[in-house]
Amino acid sequence: MKKVLADHIQYSLLLIAIVSVSEYLVIELLSHTQIVHTLSRETRAVANSLLLILIAAGPIYFFIIKPVIVMTTMYQHRLQYLTDAVEDAGDAIIIMDTSGNITYVNKAFETISGYASEEVSGHHFRLLRSEQHSHNFYQMMIRSVVNTGSWKGDIYSKHKSGEDLPRHLHIKSMFDSQGKLASYIANLSDISESKQQEKLLRQAMKMETVGTLVGGVSHNFNNLLAGISGKLYLAKKHTTHPKALVHLQDIETLSNDAAKIVSQLLTFSHASPQKKQNLNIVQVLKDAIKTAQLGMREDIVLTTDFTSEALTTYCDPVEIQQVLINLMNNARDALGSANRKIMVTVKKKERHDCPSMASCQTCTPEVVYIAVEDTGSGIAETDITHVFDPFFTTKKVGNGTGLGLSSAKGIVEMHGGVIRVNSTPGVGTKFEICIPLISGQAFETEHTQQIIAADTKKTLLVIDDSDIVRATLSQLLQSLGYTVLLAKNGRRGVKKFYEYSDQIALVISDIVMPVLDGPSAVTLMREIRPEIPAIFLTGYTNDNVLDDTYDNHLTVIMEKPFSIVTLSQTVHSLLYPDESGEETIGYATEKKQLDLAIGY
């Protein structure tokens, strides 16, 4: 502005100089002509004025009028650009008078708030206030604007629909040339997407933490279950009292159920690989109902309608059970205080009776139909299209992760099936699942397996940092007829192996141990005797706990907890590989040298 004023002063002085000099020269020139002396004084005055106007017209236009026109046009364009920028801005722009009444809003305001400009003009800014914030919060905001001239932060703003939505607000005081408050201007941004991404990130971090926690807990829990299973076998072997045997059998059943729960947790946290096989899915679902009932109150009426026919599917039993348990838990949580009923149906259907699968040309003609129905509160029409979205939940904060139904949908689809939901608010909800059956192929049945005792009194080395597991393993192996040497970590195990290397026929070692882990210890042992077989014990239920440096015929992984049958047969198959009808499953590789100091 100062530069513009200086330019105007410069142009005016230059104009005055040009006009004055021009007039002087012209008058001097004319004063020497005869025609000027013949004119009267009045005529000469008029002629002099006209001459001055004529001389000044050009400089006035070029130095004053034209610059003013150019400058005015430029400011008009600039003002129009600013107006368009404000009007078409992506964020809502709100201008208020000193009392907080809205005097202007741009187009984005209508999108972000749902209100048209004429609906809010003249209304107070509190029209957008959300009940999510307390009165003290708004008082703090006002004090900040009055004292500092501005306030900014993330808030909830009430939409015209009544919904409270996350927004970023920046309010600033505007002053006139005298420094007096003239108005307020507010910038309102939609941060719904960033808040959703932030929520997803928090949930992902939470699930990663849960996965880590589940892995650690499962390792310790499976160690305990391995000890319990072994002690149960020994207890049953040393008692013949009928009532005691019944109680011991119940303890064994509970121990097996606990192991299944741990396996389900590992599957949910993706710490366990998918294990599909041909199974009677009816029995799998019956077992899942037993688990789901553990979390139900006694006043819930559970009705089941299961087909008596064995239905074969190629499935992961743990994942299928997880789906049913999730659906039953959701049904339980949706029940009110009265008429608390859950109905579970499992039966065979033709594919064309399942509309979502009717057009599937590669599916089998028959499917297993699973329905979970409740008499609960139902699902609102606005929510039902989102129930399978990850992290979507209608439960109160802290009561749900929003992962159950999205996980169920993913599992069902990975099994070639479909899942759908129908719900009536106030009446109840029904989830329906269809999974293809296997035609002409029987499901795998469990064969009666026998405990294999030692043929000769061979010596085995057991390495485990858990005292109870180590002691129980020793007792179990001794009961089978083996001689057992014990070590509480990998370093001591290697030392023991060096002392008795010509006697030890097999090494049984935990994988994760302090001082020196199992795989590293066995690697050192195989530097002395490359042919020594090894059984690795793991409580993580994960096939990838070893790398690819272990010979296929010499190494087996056994998951905790394990039965005496599994232990005896695994030991026998490694000690007498020629008598085994099946190839031992392990990890094949070429030997990798490890530069490990065992410290003795």
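In what follows, every heavy atom counts, from backbone to side chain, and hydrogens, waters and symmetry copies are set aside. For this chain, numbers begin at 1 and follow the sequence in order.
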Full working for side-chain contact (heavy atoms from CB on, under 4.5 Å) between F109 and I94
CA-CA 8 Å; F109 175 84; I94 308 162; 3.7 Å; yes
Describe, in one word, how the ring planes of Y138 and H133 are oriented to each other, choosing from parallel (under 30°), tilted (30 to 60°) and perpendicular (over 60°).
perpendicular
Under 3.5 Å: donor-acceptor pair, side chain of T148, backbone of S144:
yes
Testing the 3.5 Å rule here: is there a donor-acceptor pair between the side chains of Y115 and E110?
no
Checking H168 side chain against N187 main chain: does a donor-acceptor pair fall under 3.5 Å?
no
Check whether any side-chain heavy atom of V301 sits under 4.5 Å from a side-chain heavy atom of R340, and report yes or no.
no
Is any side-chain heavy atom of V145 closer than 4.5 Å to a side-chain heavy atom of Y184?
yes
Looking at CD of Q321 and NZ of K290, how far apart are the two atoms once the value is rounded to the nearest 0.5 Å?
10.5 Å
Do D176 and L181 come within less than 4.5 Å of each other through their side chains, counting heavy atoms only?
no
Could you tell me whether the side chain of M141 reaches within less than 4.5 Å of the side chain of I171, counting heavy atoms only?
yes
Heavy-atom closest pair (D154 atom, K195 atom, distance to 0.1 Å) is OD2-NZ, 3.6 Å
Do any N or O atoms from the side chain of S423 and from the backbone of I379 form a donor-acceptor pair under 3.5 angstrom?
yes
Under the side chain to side chain donor-acceptor pair (under 3.5 Å) criterion, do T103 and N101 qualify, and how do the steps go?
CA-CA 6 Å; T103 59; N101 297 315; over 6 Å; no
So for atom OH, which belongs to Y156, do other residues, nucleotides or ligands contribute more than 12 heavy atoms lying within a distance under 6.0 Å?
no
Kindly give the heavy-atom pair with the smallest separation between P317 and V284, and that separation in Å.
O-CG1, 3.7 Å
Under 3.5 Å: donor-acceptor pair, side chain of S134, backbone of F137
yes
Would you compute the distance between atom OG1 of T304 and atom CG of L285 and round it to the nearest 0.5 angstrom?
11.5 Å
Do the side chains of R167 and S189 get nearer than 4.5 Å, heavy atoms only?
no
Given the rule in the side-chain contact (heavy atoms from CB on, under 4.5 Å) test, do E163 and K158 qualify, once you have shown the distances and angles that lead to the verdict?
CA-CA 6 Å; E163 186 178 6; K158 187 173 290 296; over 6 Å; no
Enter the distance from E119:CD to S113:OG here, rounded to the nearest 0.5 Å.
8.5 Å
Pick from V282, T313, I433: which one makes a side-chain contact (heavy atoms from CB on, under 4.5 Å) with V368?
T313
T303 and D305: side chain donor to acceptor below 3.5 Å:
no
Compare all side-chain heavy atoms of D91 with those of D190 and state whether any distance is below 4.5 angstrom.
no
Do the non-hydrogen side-chain atoms of I112 and H159 ever get within less than 4.5 Å of each other?
no
Hey, is the main chain of D316 close enough, under 3.5 Å, to the side chain of H415 for a donor-acceptor pair?
yes
Considering all heavy atoms of both residues, which atom of I342 and which atom of M328 are nearest to each other, and what is their separation?
CD1-O, 4.1 Å
Pairing of D374 and K341 as salt bridge, 4.0 angstrom limit:
no
Over 12 foreign heavy atoms within 6.0 Å of CD, Q139:
yes
Please name the pair of heavy atoms, one in V372 and one in A331, separated by the smallest distance, quoted to 0.1 Å.
CG1-CB, 4.4 Å
Using the side-chain contact (heavy atoms from CB on, under 4.5 Å) rule, take L335 and T375 through it: C-alpha gap first, then chi angles, then the decisive distance, then the call.
CA-CA 6 Å; L335 295 176; T375 56; 3.8 Å; yes
Just wondering, do I289 and L302 contact through their side chains at under 4.5 Å, heavy atoms?
yes
Rounding to 0.5 Å, atoms CD1 (I95) and OG (S183) come to a distance of 6.5 Å
Hey, could you give me the NZ/CD distance between K430 and E373, rounded to the nearest 0.5 Å?
5.0 Å
Pair I142-W151, side-chain contact (heavy atoms from CB on, under 4.5 Å): steps then yes or no
CA-CA 8 Å; I142 294 172; W151 182 91; over 6 Å; no
When rounded to the nearest 0.5 angstrom, what distance separates CG in L324 from NZ in K286?
13.0 Å
Just wondering, more than 12 heavy atoms not from M140 lying within 6.0 Å of its CE?
yes
